[in-house]
Amino acid sequence: MKKAIFIFVLMCLYTTCNAGKIVVINDSISVLRNQDTLKVSMDYSEAIYNPKKVKKDETGKELSSPIIKGDDFKTYLRICRRTANWEKESLEYFCEWFNDELTSLTVCVDKNDVEYEILVKIKEVYKDGNIKALIILKNRKTNKQIEMFDFKSSDGDAKDKIALRDPMKDTGKTVGKTIKKLLNLQ
């Protein structure tokens, strides 16, 4: 019974944290205190478009835990005509909104001589253009992961010629606010 109550309390805490769109996995963000610039990049190699939870296998047998299935990211890109450089433009929106939130730390797309990088690893893209992603802060020299956030956007536009403009604006703003709060910056 105690175990069930403990699990319920953990689920409530997770739901409360998740309501703010970001869940902090680790607590080692303090490495950014002495930094002034970060690189930002995006990885959508494992992204699933129009994800669905599958609870049974092909034979109808119940799975021990649901798996996520859907189309590949290229299907999303084919929905409407995209600009040739949609990826860089999407990241520039991330930078613009992040930098508006956190003026003491700047993120750039083309900055390669920095120690840390924010990687936006897109996991799921929904029909409305919203995304679910992992935001990973990593050391560029050692490739060691420093911090990781779970993120789900609330602003998407599936028909935008810059494929991920709206969710990247939302991501940049939210990540900027979160880092600002975690570092106790003004």
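Just so it is clear, the model here is predicted, and its values are computed rather than measured.
In terms of heavy atoms, Thr59 sits closest to Asp57 at OG1-OD1, 2.6 Å. Nearest heavy atoms, Asp72 versus Arg78: OD1-NH2, 4.5 Å. When all heavy atoms of Leu183 and Ile29 are compared, the pair lying nearest together is CD2-O, 3.6 Å. Residues Thr75 and Asp71 share a closest heavy-atom pair of OG1-CB, 3.6 Å. Listed here is the closest heavy atom pair of Lys173 and Glu101: O-CG, 3.5 Å. The two residues Pro167 and Gly129 come nearest to each other via the heavy atoms CG-O, 3.3 Å.
Ion pairing of Lys123 with Glu46 is present here, as a side-chain N (NZ or NE/NH1/NH2) and a carboxylate O approach within less than 4.0 Å. Between Lys88 and Asp110, at least one side-chain nitrogen of the basic residue sits less than 4.0 Å from a carboxylate oxygen of the acidic one, meeting the salt-bridge criterion. We find that Lys152 and Asp150 are not joined by a salt bridge, their nearest charged nitrogen and carboxylate oxygen being 4.0 Å or further apart.
Clustering ILVMFWY residues whenever any of their side-chain heavy atoms sit less than 4.5 angstrom apart, transitively, puts Ile68 in a cluster other than the one holding Leu134. Using a 4.5 Å cut-off between side-chain heavy atoms of Ile, Leu, Val, Met, Phe, Trp and Tyr, with links allowed through other members, Phe151 and Tyr116 fall into the same hydrophobic cluster. A single hydrophobic cluster is not seen to contain both Val114 and Leu38; linkage of ILVMFWY side chains at heavy-atom distances under 4.5 Å, directly or through other members, places them apart. Tracing side-chain contacts under 4.5 Å through hydrophobic residues (I, L, V, M, F, W, Y), one reaches Ile146 starting from Val40; they form part of the same cluster. Grouping the Ile, Leu, Val, Met, Phe, Trp and Tyr side chains by contacts below 4.5 angstrom, directly or via other members, places Val109 with Ile135.
Dense packing is recorded around NZ of Lys121, with more than 12 heavy atoms of other residues, nucleotides or ligands lying under 6.0 Å away.
Residue pairs meeting the ring-ring contact (aromatic ring centres under 6.0 Å, His included) criterion with at least one partner in residues 28-64, sequence neighbours excluded, are Tyr44-Phe73, Tyr44-Trp86, Tyr49-Tyr76.
With contacts defined as side-chain heavy-atom distances shorter than 4.5 Å, the pair Lys39/Asn112 qualifies. Within the 4.5 Å cutoff, no side-chain heavy atoms of Ile131 are placed close to those of Tyr126. No side-chain heavy atom of Ile67 sits under 4.5 Å from any side-chain heavy atom of Ser65. Counting only heavy atoms from C-beta outward, the side chains of Ile122 and Leu164 approach each other to under 4.5 Å. Val120 places none of its side-chain heavy atoms less than 4.5 Å from the side chain of Asp43. Lys55 is listed as a side-chain neighbour of Glu62, based on a closest heavy-atom distance under 4.5 Å. Within the 4.5 Å cutoff, the side chain of Lys61 has no heavy atoms near those of the Lys56 side chain. Within the 4.5 Å cutoff, side-chain heavy atoms of Leu137 are placed close to those of Leu32.
No option in Met168, Lys169, Glu92 other than Lys169 meets the side chain to side chain contact (heavy atoms under 4.5 Å, CB included) test with Trp97.
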- Might you work through the side chain to side chain contact (heavy atoms under 4.5 Å, CB included) test for Gln35 and Glu115, ending with a clear yes or no? CA-CA 8 Å; Gln35 303 300 312; Glu115 190 173 353; 3.6 Å; yes
- side chain to side chain contact (heavy atoms under 4.5 Å, CB included) between Lys138 and Asn143, intermediate numbers included: CA-CA 6 Å; Lys138 65 180 190 170; Asn143 210 26; 3.0 Å; yes
- Task: Show the numbers, then the answer: is there a side chain to side chain contact (heavy atoms under 4.5 Å, CB included) between Arg140 and Glu117?
- Result: CA-CA 6 Å; Arg140 295 191 71 225; Glu117 176 178 1; 3.3 Å; yes
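Judged purely by atom type and a 3.5 angstrom limit, Asp160 has no side-chain atom pairing as donor or acceptor with the backbone of Ala163. The backbone N or O of Ser153 lies less than 3.5 Å from no partner atom in the side chain of Asp170, so there is not a single donor-acceptor pair. Asn99 places a side-chain N or O within donor-acceptor distance of the main-chain N or O of Val107, the cut-off being under 3.5 Å. Between the Thr37 side chain and the Thr106 main chain, no donor and acceptor come within less than 3.5 Å of each other.
For Lys177, the side chain to side chain donor-acceptor pair (under 3.5 Å) criterion is met by no residue, not counting sequence neighbours.
Between the CZ atom of Phe98 and the SG atom of Cys108 there is a distance of 10.5 Å, given to the nearest 0.5 Å.
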